[in-house]
Student: 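Dropping the structure in here first, questions after.
By convention in this document, chain letters (A, B, ...) are assigned in the order of the sequence lines, proteins followed by strands, and residues within each chain are numbered from 1.
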Amino acid sequence: MPKHNRIANVLKSDAIGSQILIKGWVRTKRGNKNVAFIAVNDGSTIHSIQVVADVAQFDEETLRRITTGACIAVKGTLVASQGKEQAVEIQAQQISILGDADAEIFPLQKKAHTLEFLREIAHLRPRTNTFGAIFRIRHALAFAVHKYFNDNGFYYLHTPIITASDAEGAGQMFRVTTLDMENPPRTPEGTIDYSEDFFGRSTNLTVSGQLEGELGAMGLGLIYTFGPTFRAENSNTTRHLAEFWMIEPEMAFYDIHDNMDLAEDFIKYLIRYVLENCADDMKFLDERFIKEEQAKKADERSEMGLIERLQFVLDNQFERITYTEAIDILLASNHHKKGKFQFPVQWGIDLQSEHERYLVEKHFKKPVIITGYPKEIKAFYMKQNPDGKTVAAMDILFPGIGEIIGGSQREENLEKLTQRMKEMHVPEDVLWWYLETRKFGTCEHSGFGLGFERMMLFITGMGNIRDVIPFPRTPKNAEF
RNA sequence: UCCUCCUUAGCUCAGUUGGUUAGAGCACAUGACUGUUAAUCAUGGGGUCCUAGGUUCAAGCCCUAGAGGGGGAGCCA
C-alpha cells in the first residue's frame, strides 16, 4: 500500500504536529507574495484540505505550476488552522508536481460549470465537487444493495449479459454478433443466416435478468441480480439510458403483498444507509438542491429540501392502492373535471406520466404502490387475478421520477401461463426452459426490478439520469 | 420517434429596427496586497457569431436545410 495519507482521514485527525504526506488535485490557489493557500482534493471526501506554503521557502517555478487541476504531492506538518473555514491544515515543507495542468487549456475552472458542459467533458467530471459526491454515493448505494440482500438471506445470482431470448418484450435489443457486417452469410431465402454466428443463433444484450432470476429462485429460494441492462429504445429523456443498472430480486413463496413489503423495506433501507454513511456528500447535495430550487418558478419549486424529502419517505408508509382505485381517484379529481389531463382517463388505459404525477405529487404527496393492473397492459408472466381482468402487478411511483419499481407475482400455473403466451404471441419454443419451472415443482413466487439510476436520481436530487452514472450511454452518445 | 427552445470569447450570457471597429461577468496572463476561504484591487490578451446555402447595397440578427445540445411526450426501470 502507498504511504500517503487520504485526505478524509487527515481532516478527521487531531494529531496536531504530526508529519503527513498527501497526494491530490489542486482545486484553487490563492494568496499574496508571502503565503499561498492551496486547496487539494483527493476524492476521499467532498472536503479539500488547505495547504499553506510560505512563498519564500519554495522556488518560483514550483509555485507557478500549482494551478487548478494540477496533481501534487505535499509533505508537511498538520497544524491547527488560523482560518475559520477549517479546523486543520497542512503547513507545507515539500511540494512536488506530479502532473501539470496548463491553466490556459484545462477546461475545469475554479467556478461553477453547468451540468451540460460537464457532460461534454465527462472524463474530467469526477474531479468536481458535485460528481465526486454523486459517485461516492453511487458506490455506497451499490454496496447497500448487496448488504441488504446478503443480510436477509438472498443470493447474488449472475444472470447472463448475452441472451438468446428476445421474447420478453421489455424493449428493443442490441444485437451481439461476430458476423461480417459487410458480407453476412445468407440463408437460401436471402435472410441473414445466424446459424453461422458465434453462438449458432441470433443473440442480444439482455434487457432483463428476470426470467433467469426465476430459475435461480426456484432452487435457491431467494436471489437477486444486480448488473447492467441494455435497451435500444430511441428514448431521449432525463429518465432513460441505453445502458443502465437494474436490481431484480426474485423470491420463492412470496405473494404480491410480501413482494410489496420487501420492496418498501428495501427502498427505505437504501435511503437510510446513504443518509447515515454519506452525510457530508448529502449535505453538499442538499445545499445544491436548495439553490437549484430557488432558481425555479414558485409553483414548480419542491416544498421540501432533499434530505427532508428523503426523511419524509422514511417516516411514512407508501400508499397502496389498486389500479381501479387509482382510476376512480383520477376520475373524481378536479383536474379531470376541468379537462386538464391530455390523455383521457378510463378503466383500461395505461397510466400516463401526467396521471402518475397527479396521484403521487398532488393527491397522496408520497410514494404510491399501485397493484392490480389490467392484464392487457402488462407482461405475459404476471399472475392472473381471480377476476379474470387484472394481474398481480405492482408499480411503485415516486415523486419527480415516476416508476421506480415494476414487479409482480408470477403466474405459476403452467396452463394459465401458456394460454397467456399464446394470446400475447410470445413464442413458447424459445422459452421452453422457463416453462419447465412451472412443469416441475412449480410454486408461488414474486419479484421486482429497481432501476438503480432512478434510485440515484431520487437520493441525489439530480434532475438528469445522465448525471448519476459515470459514463452515460444514450442515443448518439458513447464518447467516453 | 414527436413537440418545443437553444447554439456569439475557455465558461455563463447580452447584442436594439438588418447598418460601418463584436460586449459584459467569470476564467487566464501580468502587477499590487502580511492568513486567504471559488480572496480582493488594477491592467492586458483572447472571436470560424454551430455548418452549408439563400435574400439584401449591407446579415450575429431575416429565410431554407443540416448538425449538436436542453426541456417535454411516448416507450420503460
Student: Could you tell me if A/R420 sits above the aromatic ring of A/F380, with its cationic atom closer than 6.0 Å to the ring centre and no more than 45 degrees from the axis?
Tutor: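 Negative - A/R420 is either too far from the ring of A/F380 or too far off its axis.
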Student: Both distances under 3.5 Å, Watson-Crick or G-U wobble: report the partner of B/G68, or none.
Tutor: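 WC or wobble partner is B/C6.
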Student: Among B/A39, B/G70, B/U37, which is the nearest nucleotide to the side chain of A/Q86?
Tutor: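 Between B/A39, B/G70, B/U37, the one nearest the side chain of A/Q86 would be B/U37.
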Student: Closest nucleotide of RNA chain B for A/E104 versus for A/Q50: which of these residues is on the 5' side?
Tutor: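 Per heavy-atom nearest nucleotide, the more 5' residue is A/E104.
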Student: Could you tell me which nucleotide pairs with B/U43 by Watson-Crick or G-U wobble geometry, both distances under 3.5 Å, or answer none if nothing does?
Tutor: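 Per the H-bond distance test, B/A29.
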Student: Counting the atoms with a prime plus P, OP1 and OP2 as sugar-phosphate, which does A/I247 contact under 4.0 Å by heavy atoms, base, sugar-phosphate, or nothing?
Tutor: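 Nothing, no nucleic acid heavy atom in range.
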Student: Can you check the A/I49 CD1 to B/U37 C1' distance for me, whole Å?
Tutor: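 Distance, rounded to whole Å: 14 Å.
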Student: Give A/F117 one of three labels, base, sugar-phosphate or nothing, depending on what nucleic acid heavy atoms sit under 4.0 Å from its own.
Tutor: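 Result for A/F117 = sugar-phosphate.
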Student: Give A/K476 one of three labels, base, sugar-phosphate or nothing, depending on what nucleic acid heavy atoms sit under 4.0 Å from its own.
Tutor: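 Contact class for A/K476: sugar-phosphate only.
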Student: Using a heavy-atom cut-off of under 4.0 Å over every strand shown, decide if A/R27 touches base, sugar-phosphate, or nothing.
Tutor: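 No contact.
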Student: Fit a plane to each ring of A/Y358 and A/H335, take the angle between them on a 0 to 90° scale, and name the class: parallel (under 30°), tilted (30 to 60°) or perpendicular (over 60°).
Tutor: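 Ring orientation, 0 to 90° scale: tilted.
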Student: Across the strands shown, which category fits A/E403 at heavy-atom distances under 4.0 angstrom: base, sugar-phosphate, nothing?
Tutor: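 Answer is sugar-phosphate: A/E403 comes under 4.0 Å of backbone atoms only.
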Student: Would you indicate what A/S235 reaches in the nucleic acid, counting non-hydrogen atoms under 4.0 angstrom: base, sugar-phosphate, or nothing?
Tutor: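 A/S235: base contact, heavy atoms under 4.0 Å.
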Student: With both distances under 3.5 Å as the test, what is the Watson-Crick or G-U wobble partner of B/U12?
Tutor: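 Across all strands, the one nucleotide that pairs with B/U12 is B/A24.
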Student: Indicate, with a heavy-atom threshold strictly under 4.0 Å, whether A/T229 touches base, sugar-phosphate, or nothing.
Tutor: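 A/T229: no heavy atom of the nucleic acid under 4.0 Å.
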Student: Is the distance between the ring centroids of A/Y156 and A/F226 under 6.0 Å?
Tutor: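 Here the rings of A/Y156 and A/F226 have centres that are no less than 6.0 Å from each other.
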Student: Starting from the 5' end of RNA chain B, give me the residue, A/W245 or A/E354, whose nearest nucleotide shows up first.
Tutor: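 With A/W245 and A/E354 compared, the 5'-side residue is A/E354.
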Student: Round to a whole Å and report the spacing from NZ of A/K84 to P of B/A39.
Tutor: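 One finds 17 Å between P of B/A39 and NZ of A/K84, rounded.
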Student: Would you indicate, yes or no, if B/U30 has its OP1 or OP2 atom less than 4.0 angstrom from a side-chain nitrogen or oxygen of A/R64?
Tutor: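 No, A/R64 has no side-chain N/O under 4.0 Å of OP1/OP2 on B/U30.
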Student: Base, sugar-phosphate or nothing for A/E89? Non-hydrogen atoms, less than 4.0 Å.
Tutor: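 Result for A/E89 = base.
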Student: Just one of A/I271, A/V145, A/I247 clears the side-chain contact (heavy atoms from CB on, under 4.5 Å) bar with A/M455, so which one?
Tutor: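 Testing each of A/I271, A/V145, A/I247 against A/M455, the sole residue satisfying side-chain contact (heavy atoms from CB on, under 4.5 Å) is A/I271.
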Student: How would you label the contact of A/I105 with the nucleic acid (heavy atoms, under 4.0 Å): base, sugar-phosphate, or nothing?
Tutor: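 Nothing, no heavy atom under 4.0 Å.
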Student: Contact class for A/T114 (heavy atom, under 4.0 Å): base, sugar-phosphate, or nothing?
Tutor: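 Touches sugar-phosphate only.
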